[in-house]
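Note that these values count all heavy atoms, side chains included, but never hydrogens, waters or copies made by symmetry. So that the names make sense, note that chain A is the first sequence line, chain B the second, and so on, each numbered from 1. Being a predicted model, the structure only gives us computed values, none of them experimental.
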Protein chains: 2
Amino acid sequence: MRKRKSIEEYKKGILDGDRVLLSQAITLVESNLASDIRLAGDLVQELLPFSGKSIRIGITGVPGVGKSTFIEAFGSLLISMGKKVAVLAVDPTSQKTKGSILGDKTRMEKLSSDSRAFIRPSPSGSTLGGVSSKTREAMLLCEAAGFDVILVETVGVGQSETAVKGMVDFFLLLMLAGAGDELQGIKKGIMEMADALFINKADGDNVQAAKRAKVSYQNALHLFPLGENNWSAQVLMGSSVTKDGLESCWGLIEDFEGKMKMSGFWEKNRSEQRLSWLDESIQSELGKAFYRDSKVQDRLKIEREKVLAGELSPMKLARELTEMFFKS
Amino acid sequence: MRKRKSIEEYKKGILDGDRVLLSQAITLVESNLASDIRLAGDLVQELLPFSGKSIRIGITGVPGVGKSTFIEAFGSLLISMGKKVAVLAVDPTSQKTKGSILGDKTRMEKLSSDSRAFIRPSPSGSTLGGVSSKTREAMLLCEAAGFDVILVETVGVGQSETAVKGMVDFFLLLMLAGAGDELQGIKKGIMEMADALFINKADGDNVQAAKRAKVSYQNALHLFPLGENNWSAQVLMGSSVTKDGLESCWGLIEDFEGKMKMSGFWEKNRSEQRLSWLDESIQSELGKAFYRDSKVQDRLKIEREKVLAGELSPMKLARELTEMFFKS
């Protein structure tokens with residue numbers, strides 16, 4: 001095991017904006033060692049008063065939509081505006097897919113070499129629930145290190161979008177202009193989560209198609225119910241190559257921030273996210289202890305097949321297993 | 001405490017299609033008494049081999065959309081086709097809202113007086129998680145009693161739709177023609193769950209508006225991603241007064257059933273629903289035990305506020321509370 005630093009060292013380094021120490025602290029947060037978990041928990045607690053001041057933006061879209069190039073261009077724009085930008089990736093599987101941050105790091109060459117940017121790929125070999133929780137903690141650390149904008153990247157085809165929606169202020173869905181085809185890959189339900197759609201690669205011959213797609217989506221989204229925040233999802237278009245539309249995108253996000261802060265939804269949403277996080281963490285800890293139990297594992301292995309086949313009542317098995325678990 | 005019957009009596013009665021015994025058995029399933037829970041679990045297990053043969057349809061829509069009259073008309077149509085129809089309501093709050101099954105029973109006067117129909121309101125005073133689980137068990141009992149179609153009604157404004165989506169084969173969203181206004185009340189995310197939209201009250205002066213709404217929604221839904229089942233949500237229109245569109249609605253559901261059975265999705269979906277039910281039941285049992293613990297309650301009361309205010313890390317509190325819980 002690598003030697004860990006003390007909480008004070010991590011804390012000071014992060015508050016000073018030391019990227020190496022921030023990186024090491026995130027590694028600590030991602031660790032599954034019991035001693036690391038305790039240390040990481042204390043560190044996050046120590047840094048909590050310094051967190052929360054950023055804008056947290058979730059960015060999703062299917063592979064091929066140009067997420068990495070968009071983040072590279074959008075992040076660079078924000079940096080040119082004097083902001084510090086952190087990029088976190090959520091999908092545990094993204095290492096395997098091409099075009100992901102880790103799989104193709106050179107795509108964010110410019111951003112990753114800039115001292116005002118910080119790029120962190122998904123923790124490897126982790127499960128979704130774990131990633132979600134670790135990403136939240138990594139986000140807090142980045143905020144304490146002074147990053148103004150946190151971009152949380154997710155693939156848009158998995159189960160991580162709900163988790164990401166639960167940790168960001170604004171959710172951006174990247175789309176392509178060839179309306180229809182590109183949708184095959186995206187997960188149902190994501191569209192209604194989005195605060196904005198951005199039709200990407202709207203350059204050259206694609207511009208006309210992008211314009212048509214924009215109108216179609218605008219009309220469609222208009223028919224859909226507003227969320228609790230009363231925000232009507234907007235459709236934007238642009239290009240990471242020509243940089244068109246990127247400033248409008250940021251303008252929209254600032255408009256959103258202004259309106260939500262005015263209405264009180266911003267802080268309300270964050271408070272609710274904290275409570276959900278607590279609840280999810282409790283459920284996750286309880287679940288981990290339960291499924292780790294060897295007696296539970298043995299019985300589940302046999303009985304699960306019966307449930308799947310419709311021979312055993314899920315409710316009955318759940319009651320028996322939890323009774324057994326609490327007795328042991 | 002009321003005297004309970006034996007498992008054998010319930011079982012025989014239900015398999016004979018005895019509606020009084022079915023009703024009593026559902027009351028047993030809804031009970032929170034430890035002895036009842038055990039008996040109910042055994043009964044459901046006994047009847048499991050006789051369940052699963054129905055079509056399970058979720059029906060949702062905001063208050064005022066005409067859910068009760070639709071269910072009355074649609075259920076009557078199915079009965080005239082020789083089917084037996086059970087109606088279960090899910091929302092724990094539906095007792096309070098007008099237009100719900102319980103609040104206005106006379107709305108389903110015709111259906112409720114027919115021996116081939118069975119109408120069961122939500123269990124009173126129960127929580128959502130509980131209702132969802134109890135509704136699943138009630139559904140299995142209805143199936144064992146020979147009902148061919150189970151209509152699960154929910155209000156469309158709460159949190160119960162995801163739960164209902166997880167227990168039905170087909171999800172129908174009732175809408176009104178005045179596109180826009182009626183959406184204010186519906187919950188975001190429901191639209192993408194729907195396998196079909198039915199524009200209700202399309203009679204008299206409303207027909208033209210309904211036609212326009214139908215086209216708009218059709219175009220909109222076309223832009224949305226297909227689910228895993230490759231089904232593209234359809235838009236229908238009709239009236240519970242003139243009975244227009246009800247046969248088409250049933251035709252569509254039969255078409256859906258045929259396609260899904262052909263592709264194997266029908267059974268796959270049901271297997272997955274069983275596993276989710278198991279997992280949810282386990283999480284629910286673990287959560288119940290945890291939140292019932294008096295030490296946990298005492299600490300949560302104090303610390304929850306700190307989490308809400310952003311002063312205490314949710315993850316850290318979760319770990320400490322679960323550690324404490326497992327030690328005691």
J.: Heavy atoms, side chains only, cut-off 4.5 Å: are M315(A) and V44(B) in contact?
T.: no
J.: Which heavy atom of M191(A) sits nearest a heavy atom of P225(B), and at what distance?
T.: CE-CD, 3.5 Å
J.: Tell me whether the count of non-hydrogen atoms from other residues, nucleotides or ligands lying under 6.0 Å of NZ in K261(A) goes above 12.
T.: yes
J.: Counting heavy-atom pairs closer than 4.5 Å to chain B, which one of A309(A), G310(A), P49(A) comes out on top?
T.: G310(A)
J.: Relative to chain A, which segment of E311(B) carries a heavy atom at a distance below 4.5 Å: side chain, backbone, both, or neither?
T.: backbone
J.: For the atom pair CZ (F325(B)) and CZ (F326(A)), what is the distance rounded to the nearest 0.5 Å?
T.: 4.0 Å
J.: Find the distance between OG (S281(B)) and NZ (K316(A)) and round it off to the nearest 0.5 Å.
T.: 13.0 Å
J.: In residues 294-302 of chain B, which residues are in contact with chain A at a heavy-atom separation under 4.5 Å?
T.: L300(B)
J.: Do E323(B) and R38(A) sit within salt-bridge range, that is, some charged N less than 4.0 Å from a carboxylate O?
T.: yes
J.: Side chain, backbone, both or neither: which part of A233(B) has a non-hydrogen atom closer than 4.5 Å to chain A?
T.: neither
J.: If we only count heavy atoms from C-beta on, is the Y291(B) to I282(A) side-chain gap below 4.5 Å?
T.: yes
J.: Could you look at E137(B) and say if it's the side chain, the backbone, both or neither that has a heavy atom under 4.5 Å from chain A?
T.: side chain
J.: To the nearest 0.5 Å, what is the distance between OG on S313(A) and CG on L140(B)?
T.: 7.5 Å
J.: Let me know if A40(A) has heavy atoms under 4.5 Å from chain B in its side chain, its backbone, both or neither.
T.: neither
J.: About how many Å separate CZ of R319(A) and NZ of K288(B), when rounded to the nearest 0.5 Å?
T.: 6.5 Å
J.: Check each atom of T322(A) against the heavy atoms of chain B and say whether the ones under 4.5 Å are side chain, backbone, both or neither.
T.: side chain
J.: Look up atom CG in L317(A) and atom CD in Q45(B), then write down how far apart they are to the nearest 0.5 Å.
T.: 9.5 Å
J.: Mind checking the CG-CG spacing from N219(A) to L223(B)? Nearest 0.5 Å is all I need.
T.: 9.0 Å
J.: If you check every heavy atom in residues 267-275 of chain A against those of chain B, which residues fall under 4.5 Å?
T.: S271(A), R274(A), L275(A)
J.: With respect to chain A, which residue among G227(B), G189(B), A289(B), S51(B) yields the maximal number of heavy-atom pairs within a distance under 4.5 Å?
T.: G189(B)
J.: Name the region of L221(B), side chain, backbone, both or neither, that has any atom closer than 4.5 Å to a heavy atom of chain A.
T.: side chain
